There are 2 protein chains.
Amino acid sequence: MSKRKPTSTNSINREKLIDFCGMMYAVDMLGGRWKLIILYKLEKKTLRFSELKKIIPGITDRMLTLHLQELERDGLVERTVYAEVPPRVDYRLTASAQALIPIWQQLEQWGVAHKQCREERDS
Amino acid sequence: MSKRKPTSTNSINREKLIDFCGMMYAVDMLGGRWKLIILYKLEKKTLRFSELKKIIPGITDRMLTLHLQELERDGLVERTVYAEVPPRVDYRLTASAQALIPIWQQLEQWGVAHKQCREERDS
DNA sequence: TATGAGGCACACAAAATTGTAAGTAATGAG
DNA sequence: CTCATTACTTACAATTTTGTGTGCCTCATA
């Protein structure tokens with residue numbers, strides 16, 4: 001995630017593809033198993049680390065940390081640290097990320113609908 | 001991709017999450033580096049294997065094959081084989097996949113816009 | 001003095017994804 | 001008979017992503 005060997009063919013290809021079209025770029029920013037969920041959860045309100053952890057079943061501290069760091073680096077979430085003890089840190093969507101709201105809403109809807117189709121077909 | 005150990009924590013978590021919300025399901029179907037691009041390229045017309053390969057820079061035979069197989073299995077593309085020699089096979093979007101068109105269009109737009117912001121900021 | 005909370009960091013391990021190189025089948029052209 | 005074509009498949013290797021477990025800090029509370 002944060003450690004890609006920059007000399008690998010993998011990375012080189014990725015660079016090329018990111019230039020190639022906006023969607024590749026978007027996929028690169030939002031790809032991974034947790035990012036969209038994290039953003040989605042932040043849609044309605046600012047949340048603390050521990051709150052995110054609670055409402056995203058299955059995510060570990062490490063994954064949450066890593067993804068939040070990348071999201072911050074990529075300008076999708078804003079991190080605020082309060083000088084308290086025990087520490088308090090919260091996360092909110094940036095304007096860039098807010099522009100994605102309709103996208104993940106549609107995706108969520110599609111997911112629900114398509115999942116049902118599938119289940120009916122498979123039964 | 002096609003080989004996940006079904007007993008791994010990873011898989012177990014994934015199963016749970018897929019039930020958890022439609023978006024997780026969607027991410028699982030569309031995740032990976034190439035799927036959205038493939039679908040995107042099929043948006044306007046049916047394409048053959050070799051045509052896809054030509055217009056998706058950097059993709060290898062293997063990746064294209066694997067992803068197309070999964071997309072087919074997941075009901076997103078339809079595969080047609082013509083009994084010719086040399087073989088001809090083409091791929092088209094299913095109705096399910098067509099429902100995603102607006103989503104990837106927006107994603108592409110967002111990508112282009114956000115990429116520009118970034119480049120300006122980084123310069 | 002011991003404990004706990006909150007938000008991580010770090011080392012290590014496992015698993016998933018992606019890439020590379022080679023080969024297959026059928027057939028028509030030369 | 002040899003070669004080119006097309007859509008793959010297979011074995012293997014590299015890279016990336018994800019998970020596990022432990023530890024740190026700082027102060028209020030028991």
Side-chain angles (χ1 to χ4, degrees), chain A residues 1-17 24 27-38 46-54 56-72 77 79-91, chain B residues 1-17 24 27-38 46-54 56-72 77 79-91:
Chain A
M1 182 128 284
S2 29
K3 36 183 166 177
R4 265 182 208 149
K5 298 201 178 173
T7 52
S8 69
T9 332
N10 224 315
S11 286
I12 292 163
N13 284 345
R14 205 171 294 221
E15 295 288 305
K16 270 191 222 145
L17 288 164
M24 234 359 193
V27 167
D28 206 63
M29 299 242 104
L30 304 171
R33 192 164 152 191
W34 305 103
K35 284 195 185 164
L36 274 170
I37 296 280
I38 294 172
T46 297
L47 292 171
R48 310 179 52 170
F49 187 91
S50 52
E51 292 172 316
L52 279 167
K53 219 179 98 174
K54 247 175 270 168
I56 302 179
I59 200 166
T60 57
D61 277 23
R62 182 171 144 70
M63 281 301 110
L64 189 50
T65 305
L66 281 177
H67 286 295
L68 284 170
Q69 283 170 355
E70 288 185 37
L71 289 169
E72 192 193 359
V77 307
R79 195 173 101 108
T80 315
V81 185
Y82 299 89
E84 298 174 6
V85 166
R88 184 155 72 93
V89 180
D90 64 28
Y91 298 89
Chain B
M1 183 130 284
S2 28
K3 34 182 167 178
R4 265 181 208 150
K5 299 201 178 171
T7 53
S8 67
T9 330
N10 223 314
S11 286
I12 292 162
N13 285 344
R14 205 170 295 221
E15 295 289 305
K16 270 191 223 146
L17 287 163
M24 234 356 191
V27 167
D28 206 62
M29 299 241 105
L30 305 170
R33 191 162 152 192
W34 305 103
K35 284 194 185 166
L36 275 170
I37 296 279
I38 294 172
T46 297
L47 291 171
R48 310 179 51 170
F49 187 90
S50 53
E51 291 172 318
L52 279 167
K53 218 179 97 174
K54 247 176 268 167
I56 302 178
I59 200 167
T60 58
D61 276 23
R62 183 172 143 69
M63 280 302 110
L64 189 49
T65 305
L66 282 177
H67 286 294
L68 283 169
Q69 283 170 354
E70 289 186 34
L71 289 169
E72 193 194 358
V77 307
R79 194 173 101 109
T80 314
V81 185
Y82 300 89
E84 299 174 6
V85 167
R88 185 155 71 95
V89 180
D90 64 28
Y91 298 89

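Only heavy atoms go into these numbers, but all of them, side chains included; no hydrogens, no water, no symmetry mates. Here is how names work: the chains are called A, B, and so on, in the same order as the sequence lines, proteins then strands, and each is numbered from 1. Everything numeric here is computed off the predicted structure, so don't read it as measured data.
Within the structure, every side-chain polar atom (N or O) of B/H67 is placed at least 4.0 Å from both OP1 and OP2 of C/dT17.
In this structure, the CG atom of B/L64 is 15 Å from the P atom of C/dT20, given to the nearest Å. Taking atom CH2 of residue A/W34 and atom C1' of nucleotide D/dG19, one finds them 10 Å apart after rounding to whole Å. When rounded to the nearest whole Å, the span between CE of A/M63 and P of D/dT20 equals 10 Å. Taking atom CG of B/D28 as the reference point, atom C1' of D/dT18 lies 14 Å away to the nearest angstrom. Between the NZ atom of B/K35 and the C1' atom of C/dT17 there is a distance of 11 Å, given to the nearest Å. We find that CD1 of A/I56 is positioned 15 Å from C1' of C/dG7, with the value rounded to whole Å. Rounding to whole angstrom units, CD1 of residue B/I38 and P of C/dT18 are separated by 10 Å. Across the protein-nucleic acid pair, A/Y82 atom OH and C/dA5 atom C1' stand 18 Å apart, rounded to whole Å.
Rounded to the nearest 0.5 Å, atoms CD1 (A/I37) and NE2 (A/H67) are 11.0 Å apart. Considering CG of A/L30 and CD1 of A/I38, their distance stands at 11.5 Å, rounded to 0.5 Å.
Two residues are said to be in side-chain contact when any heavy atoms from C-beta on lie closer than 4.5 Å; B/R79 and B/L68 fail this criterion. In this structure the side chain of B/R48 never reaches within 4.5 angstrom of the side chain of B/L52, judged on heavy atoms.
Counting only distance, with no hydrogens or angles, the side chain of B/K35 and the backbone of B/L71 share no donor-acceptor pair below 3.5 Å.
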| said: Strictly under 4.0 angstrom, non-hydrogen atoms only: write out the protein contact profile of nucleotides 3-10 of chain D, one letter per nucleotide from the 5' end, B, S or -. | reply: --BBSBBB
| request: May I have the step-by-step check of side chain to side chain contact (heavy atoms under 4.5 Å, CB included) for A/W34 and A/L64, ending in yes or no? | output: CA-CA 8 Å; A/W34 305 103; A/L64 189 50; over 6 Å; no
